[in-house]
Engineer: 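The structure's right below; bear with me while I get my questions together.
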Amino acid sequence: MNTLLLRMVAAGMAALPGACWAASDGQAQVTLHYYERPPLHYTDAHARPAGFIVEKTSSIFNQAGISYAWKVTPANRILALIKTAPGYHCTPGWYKNAERMQYARFSAPIYIDKPLVGLSRADFSAGEGITARDLFRRPALRLLLKQNFSQGAYMDKLIGQMPDANIQRVSAEVPVMVKMIRLGRADLIVTTQEETEAFVASAGYRMDEFRVLKFPDVPAEEKRYILCGNNVPMELMRQLDEAISKP
């Protein structure tokens with residue numbers, strides 16, 4: 001770690017005694033926050049962080065030689081910590097958008113999603129191959145979204161053109177949202193292909209009770225990043241990007 005960063009760490013420790021630091025080796029420790037969203041990131045049966053985003057992020061931090069500690073934290077709380085909390089806070093697997101760029105730093109992309117899909121009840125009326133653009137223009141569509149979450153640039157643009165009355169935003173975790181869909185309180189949620197089966201199983205249902213709508217117009221180019229607070233030094237972000245770029 002360079003001299004400037006060490007000075008910043010020392011100053012932070014003096015001013016913020018309650019912050020999370022690994023002082024034994026003189027290196028700042030990053031708190032890596034994750035929330036329960038299998039298979040991306042979740043707590044396994046041994047109470048350890050798991051998931052392919054967790055594994056990839058741990059490998060990146062190890063390669064960069066940056067000290068870190070995982071912490072499970074509710075999703076909206078994570079964003080609040082990134083915005084205002086002292087210490088070094090980061091969280092992997094998030095989309096980049098204009099709002100988040102105002103209060104956070106982003107690494108190079110660490111993963112590219114498969115195309116986003118819609119999850120609805122099995123009896124939801126929509127033809128196979130319907131585009132997201134056409135579906136989201138339906139005047140009676142009831143879309144269920146998680147607060148403060150981005151659905152990627154393309155989907156966010158379509159959602160932004162929908163009437164507010166057609167959108168219900170909730171703080172509940174996605175398995176609860178799946179239950180709301182099943183009970184008829186909304187028509188559709190947006191998720192990734194990788195997560196649909198895990199969410200349905202976590203909600204206590206079978207996949208044959210739902211439909212997965214694959215939209216031909218949704219691009220397979222939504223990238224996920226490590227998102228960090230603006231007080232995380234640019235030198236640390238550079239180290240992460242160098243590790244990400246290595247095969």
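Count residues from 1 along the sequence.
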Engineer: Should V232 and L32 be regarded as members of a common hydrophobic cluster, given that ILVMFWY residues are connected when their side-chain heavy atoms come within less than 4.5 Å of each other, either directly or indirectly?
Structural biologist: yes
Engineer: Could you check whether any side-chain heavy atom of L143 comes within less than 4.5 Å of a side-chain heavy atom of V190, counting everything from C-beta outward?
Structural biologist: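 Contact flag for L143/V190 side chains = yes.
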Engineer: Inspect the surroundings of CG in D164 and state if more than 12 heavy atoms from other residues, nucleotides or ligands are less than 6.0 Å away.
Structural biologist: no
Engineer: Hey, could you give me the CG/CD1 distance between D217 and I130, rounded to the nearest 0.5 Å?
Structural biologist: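 Taking CG in D217 and CD1 in I130, the distance rounds to 9.5 Å.
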Engineer: Taking atom CE of M101 as the centre, report whether more than 12 heavy atoms of other residues, nucleotides or ligands fall under 6.0 Å from it.
Structural biologist: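 No - once you tally the heavy atoms of other residues, nucleotides and ligands closer than 6.0 Å, there are 12 at most.
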Engineer: If you round to the nearest 0.5 Å, how far is CD1 of I82 from NE2 of H33?
Structural biologist: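 CD1 of I82 is found 6.0 Å from NE2 of H33.
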Engineer: Is there a donor-acceptor pair closer than 3.5 Å between any side-chain N or O of S58 and the backbone N or O of V54?
Structural biologist: yes
Engineer: Just how far is it from atom CZ of R224 to atom CD1 of I112, taken to the nearest 0.5 Å?
Structural biologist: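 Rounded to the nearest 0.5 Å, the CZ-CD1 separation comes to 12.0 Å.
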Engineer: Taking C-beta and beyond as the side chain, do F124 and L135 meet within less than 4.5 Å on heavy atoms?
Structural biologist: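 Yes, side chains in contact.
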Engineer: Calculate, to the nearest 0.5 Å, the distance between atoms CZ and CG belonging to R105 and N230 respectively.
Structural biologist: 5.0 Å
Engineer: Taking Q151's backbone N and O only, do any of them form a donor-acceptor pair with D156's side chain (distance below 3.5 Å, no angle check)?
Structural biologist: yes
Engineer: Show, in sequence, the C-alpha distance, side-chain angles and deciding distance for I244 and D241, and conclude whether the side-chain contact (heavy atoms from CB on, under 4.5 Å) test is met.
Structural biologist: CA-CA 5 Å; I244 293 167; D241 286 349; 4.1 Å; yes
Engineer: Side chains of T91 and L81: closer than 4.5 Å at any heavy-atom pair?
Structural biologist: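 No, their side chains stay 4.5 Å or more apart.
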Engineer: Does a side-chain N-to-carboxylate-O contact under 4.0 Å join K114 and E194?
Structural biologist: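 Answer for the salt bridge query: no.
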Engineer: Using the rule given for side chain to side chain donor-acceptor pair (under 3.5 Å), can you reason through Y103 versus T84, listing the C-alpha separation, both sets of side-chain angles and the distance that settles it, and then say yes or no?
Structural biologist: CA-CA 9 Å; Y103 62 79; T84 61; over 6 Å; no
Engineer: Do Y154 and R133 pass the side-chain contact (heavy atoms from CB on, under 4.5 Å) test, and can you show the C-alpha distance, the side-chain angles, and the key distance before you say yes or no?
Structural biologist: CA-CA 10 Å; Y154 182 80; R133 181 179 298 276; 3.8 Å; yes
Engineer: Are the side chain of H89 and the backbone of P86 linked by a donor-acceptor contact shorter than 3.5 Å?
Structural biologist: yes
Engineer: Out of curiosity, R169 CZ to L144 CG, how far, rounded to the nearest 0.5 Å?
Structural biologist: 10.5 Å
Engineer: How close do F215 and A132 get, counting heavy atoms only, and between which atoms?
Structural biologist: CD2-N, 3.5 Å
Engineer: Quick one, R182 with E209, criterion side-chain contact (heavy atoms from CB on, under 4.5 Å). Give me CA distance, side-chain angles, the key distance, then yes/no.
Structural biologist: CA-CA 8 Å; R182 184 65 182 83; E209 298 176 80; 3.1 Å; yes
Engineer: Would you mind reporting whether K179 and Y205 have side-chain heavy atoms less than 4.5 Å apart?
Structural biologist: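 They are in side-chain contact.
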Engineer: Transitively linked via ILVMFWY side-chain contacts under 4.5 Å: L116 with V200?
Structural biologist: no
Engineer: Give me the atom names and distance for the closest heavy-atom approach of M237 to C228.
Structural biologist: SD-SG, 3.7 Å
Engineer: More than 12 non-hydrogen atoms from neighbouring residues, nucleotides or ligands closer than 6.0 Å to CZ on R238, yes or no?
Structural biologist: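 Yes.
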Engineer: Would you find a donor on one side and an acceptor on the other, under 3.5 Å apart, between the side chain of R100 and the backbone of Y95?
Structural biologist: yes
Engineer: Check whether T57 reaches the backbone of I53 with its side chain - one donor and one acceptor, N or O, closer than 3.5 Å.
Structural biologist: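 Such a contact is found between T57 side chain and I53 backbone.
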Engineer: Salt-bridge test for E128 and R211: reply yes if a basic N is under 4.0 Å from a carboxylate O, no otherwise.
Structural biologist: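 A salt bridge is present here (some side-chain N lies under 4.0 Å from a carboxylate O).
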Engineer: Identify the two heavy atoms, one from Q193 and one from T196, that lie closest to each other, and give their separation to 0.1 Å.
Structural biologist: O-OG1, 3.4 Å
Engineer: Show the nearest heavy-atom pair for residues A75 and E173, with the distance to one decimal.
Structural biologist: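 Heavy-atom minimum between the residues: N-OE2, 4.4 Å.
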Engineer: Examine L240 and W94 and state if one hydrophobic cluster contains both, with Ile, Leu, Val, Met, Phe, Trp and Tyr joined whenever side-chain heavy atoms are less than 4.5 Å apart.
Structural biologist: no
Engineer: Using a 3.5 Å distance criterion without hydrogens, assess whether the side chain of N97 forms a donor-acceptor pair with backbone atoms of A153.
Structural biologist: no
Engineer: So which atom in P39 and which in A198 form the shortest heavy-atom distance, rounded to 0.1 Å?
Structural biologist: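 Scanning both residues, the minimum pair turns out to be CD-CB, 4.3 Å.
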Engineer: Run the side-chain contact (heavy atoms from CB on, under 4.5 Å) test on L119 and V212 for me, step by step, so that the C-alpha distance in whole Å, both residues' side-chain angles and the decisive distance to 0.1 Å come before the verdict.
Structural biologist: CA-CA 5 Å; L119 185 67; V212 176; 4.0 Å; yes
Engineer: Can you get from F136 to L213 by hopping between Ile, Leu, Val, Met, Phe, Trp and Tyr side chains that sit under 4.5 Å apart?
Structural biologist: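 F136 and L213: one cluster.
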Engineer: Within the distance-only criterion (no hydrogens, no angle test), does the side chain of K214 pair as donor or acceptor with the backbone N or O of V117 below 3.5 angstrom?
Structural biologist: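 No, because the side chain of K214 does not come within donor-acceptor range (under 3.5 Å) of the backbone of V117.
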Engineer: Determine whether F52 and F61 fall in the same hydrophobic cluster, where Ile, Leu, Val, Met, Phe, Trp and Tyr are linked whenever their side-chain heavy atoms lie under 4.5 Å apart.
Structural biologist: yes
Engineer: Distance-only, no hydrogens or angles: does the D187 side chain make a donor-acceptor pair with backbone N or O of R142 under 3.5 Å?
Structural biologist: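 Present.
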Engineer: Is it possible for you to check whether R121 lies under 6.0 Å from the centre of the six-membered ring of F210, through NZ or CZ, and within 45° of that ring's axis?
Structural biologist: no
Engineer: Would you say R37 and E195 make side-chain contact, with heavy atoms under 4.5 Å?
Structural biologist: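 Yes; the side chains approach each other to less than 4.5 Å.
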Engineer: Is K146 reaching over with its side chain to a backbone N or O of V170, donor-acceptor style, under 3.5 angstrom?
Structural biologist: no
Engineer: Heavy-atom count around E197 CD within 6.0 Å, excluding the residue itself: above 12?
Structural biologist: no
Engineer: Which atom names give the shortest non-hydrogen contact between P92 and I110, and what distance separates them?
Structural biologist: CB-CD1, 4.3 Å
Engineer: Answer yes or no: is there a side-chain heavy-atom contact under 4.5 Å between F106 and I226?
Structural biologist: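 When only atoms from C-beta onward are counted, I226 and F106 do not touch, as no gap falls below 4.5 Å.
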Engineer: Using ring centroids (six-membered ring only for Trp), state whether F149 and Y35 fall under 6.0 Å.
Structural biologist: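 Ring centres of F149 and Y35 closer than 6.0 Å.
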Engineer: Find out whether M180 and Q168 are in side-chain contact, i.e. whether some heavy atom of one side chain is under 4.5 Å from a heavy atom of the other.
Structural biologist: yes
Engineer: Once rounded to the nearest 0.5 Å, what's the spacing between atom OG1 of T73 and atom CD1 of I78?
Structural biologist: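 Reported to 0.5 Å precision, the distance equals 5.0 Å.
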Engineer: So, are E242 and K246 salt-bridged, with charged N and O less than 4.0 Å apart?
Structural biologist: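 Salt bridge flag = no for K246 with E242.
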